[in-house]
S.K.: 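To start, I am sharing the structure in question, which I have written as structure tokens.
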Amino acid sequence: LFNSYFVIFKSYNFGKYIITSTIVSVGTVIITLLFAIPAAYAVARLNFFGKTFLSTSILIIYMFPAIVLVIPLYTIFSQLGLRNSIEGLLIVYTATTLPVAIYMLQGYFKSIPKELEEAAILDRLSWFGIITKIIIPLSIPAISSVALYVFMIAWNEFLFSLMFLDNPNSFTLSRAIQYLSGDAETPRQYLMAGSVIVTLPVLFIFVYFEKYLV
């Protein structure tokens, strides 16, 4: 009954694909949050030139289908030597998840009472201290939601990994399953076992984060 799961790890190197997908997904979450939290706080609280335009146009990247961006990115990444690399995927995934992360977080930051930050300023707390000691602890539900959303995008993403990854040694899980499905000699039950493996991590992570989401 479970022989297919053992075969795909032993014969099809799925363990390496899981590690690659984990590194890419977790790395995307970390980088996105590092940029999104201070950016969202700036949009929600600080006054600066172009704030209104930035806050309203922050999702403009989603007006362009991913397939439109693939060809120029493919050309640029080929010239820079970023194809078949984790670094290249991290750049693309962060660029696609950062706008929605900022959009989601700024809405939550605006709901936090300003009086808390004013009291912190009176206690001579820096802006960095306000973010780390007040904003982040109070925003765990929002940050957890964003982290889960970003992780799911990076974990399941297929188009960019299909275009940028040609070397099987650098495949993510979704790219590996597509690669194996193109081989007529690969039994279908192995592909189905691989699909289950792709699904389980997101399921377990969602169950764990559910308490924060509520």
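From a predicted model like this one, the values you see are computed outputs, not experimental measurements.
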S.K.: Is there side-chain contact between I130 and W127, with at least one heavy-atom pair below 4.5 Å?
M.R.: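 Yes, close enough: below the 4.5 Å cut-off.
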S.K.: Using the ring of each side chain (for Trp, its six-membered ring), is Y74 parallel, tilted or perpendicular to F164, with breaks at 30° and 60°?
M.R.: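 Plane angle under 30°, so parallel.
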S.K.: Does some side-chain heavy atom of V150 sit less than 4.5 Å from a side-chain heavy atom of Y93?
M.R.: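 No, their side chains stay 4.5 Å or more apart.
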S.K.: Does the side chain of S85 come within less than 4.5 Å of S170's, by heavy atoms?
M.R.: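 The answer is no; the side chains never approach within 4.5 Å.
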S.K.: I'd like to know if the side chain of N167 and the backbone of N84 have a donor-acceptor N/O pair within less than 3.5 Å.
M.R.: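 No: the side chain of N167 does not pair with the backbone of N84.
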S.K.: Is there a side-chain contact between F171 and T20, using heavy atoms and a 4.5 Å cut-off?
M.R.: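 A side-chain contact under 4.5 Å is absent here.
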S.K.: Compare every heavy atom of P137 with every heavy atom of T132, then report the nearest pair and how far apart it is.
M.R.: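 Reported closest heavy-atom pair: O-CD, 3.4 Å.
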S.K.: More than 12 heavy atoms of other residues, nucleotides or ligands under 6.0 Å from CE of M104: yes or no?
M.R.: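 Result for CE/M104: enclosed.
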S.K.: Heavy-atom count check: over 12 atoms from other residues, nucleotides or ligands less than 6.0 Å from L200 CG?
M.R.: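 Enclosed: over 12 neighbouring heavy atoms sit under 6.0 Å from CG of L200.
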S.K.: Can you list, pair by pair, the side-chain donor-acceptor contacts under 3.5 Å of residues 35-43, counting residues two or more places apart and other chains?
M.R.:
unit_1	atom_1	unit_2	atom_2	d
Y41	OH	E117	OE1	2.6

S.K.: Would you check if Q189 and I8 make a side-chain contact, meaning some heavy-atom pair closer than 4.5 Å?
M.R.: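 Side-chain contact under 4.5 Å: no.
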S.K.: Checking L138 against L116 for the side-chain contact (heavy atoms from CB on, under 4.5 Å) test, could you report, in this order, the C-alpha distance in whole Å, the side-chain angles of both residues, the deciding distance, and whether it holds?
M.R.: CA-CA 11 Å; L138 292 176; L116 295 175; 3.6 Å; yes
S.K.: So with a 6.0 Å cut-off around NZ of K133, is the heavy-atom count from everything else above 12?
M.R.: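 Not more than 12 within 6.0 Å, no.
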S.K.: Mind running side-chain contact (heavy atoms from CB on, under 4.5 Å) on V198 and W155 for me, showing each step along the way?
M.R.: CA-CA 8 Å; V198 171; W155 184 267; 3.7 Å; yes
S.K.: Is the ring pair F14/F9 parallel, tilted or perpendicular, if the boundaries are 30 and 60 degrees?
M.R.: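 The arrangement is perpendicular - the two ring planes meet at more than 60°.
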S.K.: Would a 4.5 Å heavy-atom cut-off, applied to side chains only, mark I177 and S195 as touching?
M.R.: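 Heavy-atom side-chain distance check passes, below 4.5 Å.
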S.K.: Considering residues at least two apart in sequence or located in another chain, which fulfil the ring-ring contact (aromatic ring centres under 6.0 Å, His included) criterion with Y108?
M.R.: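 Partners of Y108 under the ring-ring contact (aromatic ring centres under 6.0 Å, His included) test: none.
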S.K.: For the residue pair T32 / T97, report whether a side-chain donor-acceptor contact shorter than 3.5 Å exists.
M.R.: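 Looking only at side-chain atoms, T32 and T97 do form a donor-acceptor pair, the distance falling under 3.5 Å.
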S.K.: So which heavy atom on V70 is nearest to which on M163, and how close?
M.R.: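 Looking at all heavy atoms of both residues, the shortest contact is CG1-CG, 3.3 Å.
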S.K.: Should we count CZ of F158 as having more than 12 external heavy atoms under 6.0 Å?
M.R.: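 Yes, because the 6.0 Å sphere around CZ of F158 holds more than 12 heavy atoms from other groups.
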